[in-house]
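Here is the naming used below: chain letters follow the sequence lines, and residue numbers restart at 1 for every chain.
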Amino acid sequence: MNIFQHFLSVLLDQLHALQAEGVLGSDIVLDKVAVEPPRDASHGDLATNAAMVLSKAAGMKPRDLAGKISEKLTATGQFSSVDIAGPGFINMSLSDAFWQGQVSDVLKAGAGYGSSNLGQGAKVNVEYVSANPTGPMHVGHTRGAVFGDALANLLEKTGHEVCREYYINDAGAQVDVLARSAFLRYREALGQDIGAIPEGLYPGDYLVPVGQKLAADHGEALLEKSEADWLPEVRALSTSMMMDMIRDDLAALGITHDVFFSETSLHESGAVEETLKLLDEKGLIYQGVLEPPKGKTVEDYEARPQTLFKSTEFGDDVDRALKKSDGSWTYFAPDIAYHFDKYNRGYTNQVDVWGADHAGYIKRMSAAVRAVTGSNNDVLDVKICQLVRLLRNGEPVKMSKRSGNFVTLREVVEEVGRDVVRFMMLYRKNDATLDFDFAKVTEQSRDNPVFYVQYAHARICSVLRNGTDEEKGFAGEDLSDAALSGADMSKLSDDAELALIKQMAAFPRVMESAADAHEPHRIAFYLYDLAGAFHSLWNKGKDHPDLRFIVKEDKGATLARLALIRAAACVLAAGLGVLGVEPIEEMR
RNA sequence: GGUCCCGUAGCUCAACUGGAUAGAGCACCUGCCUUCUAAGCAGGUUGUUGCAGGUUCGAGUCCUGCCGGGAUCACCA
């Protein structure tokens with residue numbers, strides 16, 4: 001349960017009552033009324049801006065209106081205190097008993113804690129990775145891959161029906177280059193001396209197996225054919241083998257897509273033509289000449305008549321080309337058809353996860369989606385993941401893409417582990433650049449959030465193991481979630497214990513707001529804070545042995561505290577589950 | 001030059017989509033660390049939120065204009 005949502009409805013009931021009594025006009029809109037955690041915990045557990053946002057419409061001073069509202073709230077008996085503060089905030093506090101009850105609620109929900117029906121089953125398509133099938137994934141793809149996957153998890157857990165999709169660019173010139181590069185490896189596999197890989201072809205070793213497969217399948221037969229004859233076949237095999245490799249790379253990160261959508265299929269089915277015809281019928285397509293970009297000198301610019309889309313009518317800066325001057329499609333045309341296809345599959349909510357280098361592409365894509373769907377509300381949300389700077393002890397890691405000697409996703413995962421990669425890629429807002437320091441991310445200290453959060457979970461597991469230890473704990477005691485949820489939680493009265501409970505109880509709200517904003521990083525930051533609250537409580541037991549989780553002389557308190565930390569472990573595990581990070585049970 | 005992103009403590013970053021006295025970690029200072037798991041804990045110090053206006057009860061957040069950094073810029077993907 002999102003307690004803030006719950007108490008918002010309590011508040012709204014009271015506001016409606018005030019409307020019924022004529023204190024508030026019945027036509028006043030209550031949309032802007034919110035119940036939130038106050039920034040400063042000393043202000044209470046819940047705060048509302050109701051009096052401030054309604055005062056003008058009500059014709060009352062904020063503090064006077066706050067007085068009326070707080071009387072009503074007090075009368076519900078649900079709050080231990082209701083105060084008016086500052087410019088008209090109403091601060092509410094909840095009883096310890098309420099908070100203690102939350103521990104049982106968490107335990108009963110278990111791994112499902114934080115899940116909600118916020119999305120009400122709405123279909124959402126999250127398209128991410130979509131790396132060209134021309135080689136292994138490199139580190140630049142990693143952030144978007146993890147981000148998209150975590151966002152999909154987050155949306156799933158908040159009641160959306162999510163499709164994880166990968167768009168395969170298997171129709172452009174780059175896959176022809178791939179095919180030629182593979183053909184070279186084919187000749188190599190047949191024993192020919194191919195020398196250095198020519199400029200403009202893909203030099204990477206990963207094409208060697210493709211050449212060998214071609215040699216095994218065809219022998220020398222392809223050598224006899226002209227390029228036009230062998231190209232389609234070699235291209236198909238190459239892209240399919242590249243996709244296998246990419247799927248393996250993604251699997252190393254724990255990522256699986258539901259749909260791999262081929263660009264070629266859009267051409268073959270005629271979807272591109274159909275989509276363009278639709279735009280044409282709407283009068284959004286014309287033959288024209290694009291001006292050279294302002295300010296930037298393009299040396300080989302020449303005026304060319306092209307088929308253009310009126311994206312300026314939908315907020316873009318210039319109109320965009322759908323066909324090249326030679327009459328073939330630009331990449332933009334099938335992209336429109338692709339997004340329209342998603343729309344026609346029922347995805348009126350689409351998220352695209354792109355790298356920073358594609359940021360300039362957002363306006364035209366959004367424009368095209370608006371045009372083709374005829375929808376006013378935004379169907380498409382594009383999330384840009386900014387660059388990742390790889391560092392080792394603060395020094396930038398040199399990368400040279402030219403030689404094909406770039407850092408691959410797999411190398412990073414193998415060096416530091418999947419969990420570390422996933423967590424760190426989410427420990428920044430997506431639109432801020434991110435530093436990834438190989439040395440720092442494997443450090444075992446509070447400075448390293450992955451460690452800190454996982455350690456909290458492992459520590460809890462360890463304490464629970466001790467809970468049934470003959471010497472340290474209570475042998476044979478039933479410490480299952482079901483048993484613990486029945487413990488006498490009134491024993492949890494220390495401030496640090498209540499603080500931990502309050503932190504846990506905020507989780508459902510964090511989940512909902514993160515899902516709403518499409519910002520999974522909020523979960524990572526939340527977990528770091530939650531881990532901090534737990535470690536802090538653990539350490540309190542050093543100075544105050546009576547506050548330790550396991551107190552041999554007090555079984556009642558022990559069970560309540562084990563319930564508390566077990567609940568914290570559930571929340572940690574649920575949050576880590578969204579990030580796709582394993583909640584480990586033991587540190588080694 | 002256009003567009004987009006970023007600019008918050010000495011450093012790395014948060015700030016729950018407009019809330020109250022802007023918060024964490026690192027660093028620095030003081031104390032603790034023969035512990036239910038050691039890799040830490042408690043406390044203290046740290047600010048013209050790049051600058052200048054505007055919007056309103058209220059701005060780090062929204063708008064306008066500057067400054068600085070990054071990405072990107074006809075037909076390539």
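- By the 6.0 Å and 45° rule, A:Lys429 does not stack over the aromatic ring of A:Phe525.
- A cation-pi geometry, defined here as NZ or CZ lying under 6.0 Å from the six-membered ring centre and within 45° of its normal, does not hold between A:Arg320 and A:Phe309.
- OP1 or OP2 of B:U37 sits under 4.0 Å from a side-chain N or O of A:Asn466.
- When all heavy atoms of A:Tyr113 and A:Val571 are compared, the closest pair comes out as CD2-CG2, 3.7 Å.
- With both pairing distances under 3.5 Å, B:C62 is matched to B:G54 as a Watson-Crick or G-U wobble pair.
- An OP1 or OP2 oxygen of B:C6 is reached within less than 4.0 angstrom by no side-chain nitrogen or oxygen of A:Arg428.
- In a base pair of the Watson-Crick type (N1 to N3 plus N6-O4 or O6-N4) or a G-U wobble (N1-O2 and O6-N3), with each distance short of 3.5 Å, B:U72 is matched with B:G2.
- With distances taken from any side-chain atom of A:Tyr452 to the nucleotides B:C41, B:A38, B:A15, the minimum falls on B:C41.
- When Watson-Crick and G-U wobble pairs are counted only if both distances are under 3.5 Å, B:U17 pairs with no nucleotide at all.
- Side chain of A:Asp378 to main chain of A:Leu380: no donor-acceptor pair is present (N/O by atom type, distance under 3.5 Å, no hydrogens or angles).
- Between B:A42 and A:Ser536, a contact under 4.0 Å exists linking OP1 or OP2 to a side-chain N or O.
- The interatomic distance linking A:Asp316 (CG) with B:C4 (P) rounds to 11 Å, in whole Å.
- Here A:Tyr427 does not reach the OP1 or OP2 of B:G25: none of its side-chain N or O atoms lies under 4.0 Å away.
- Of the listed nucleotides (B:U35, B:U17, B:C75), B:C75 has the atom at the smallest distance from the side chain of A:Tyr331.
- Looking at which nucleotide of RNA chain B each of A:Leu387 and A:Leu434 is closest to, the 5′-most match is held by A:Leu434.
- Residue A:Tyr528 places no side-chain N or O under 4.0 Å from the OP1 or OP2 atom of B:A15.
- Each of B:A77, B:C36, B:C4 was ranked by its minimum atom distance to the side chain of A:Ala359; first place goes to B:C4.
- Using a 4.0 Å cut-off, some side-chain N or O of A:Lys472 falls inside it from OP1 or OP2 of B:U37.
- Residue A:Phe525 has its side chain nearest to B:C13 when only B:C13, B:C5, B:C75 are considered.
- A close approach under 4.0 Å does not occur between any side-chain nitrogen or oxygen of A:Ser513 and OP1 or OP2 of B:C16.
- With hydrogens and angles disregarded, no donor-acceptor distance shorter than 3.5 Å links the side chain of A:Ser462 to the backbone of A:Ala458.
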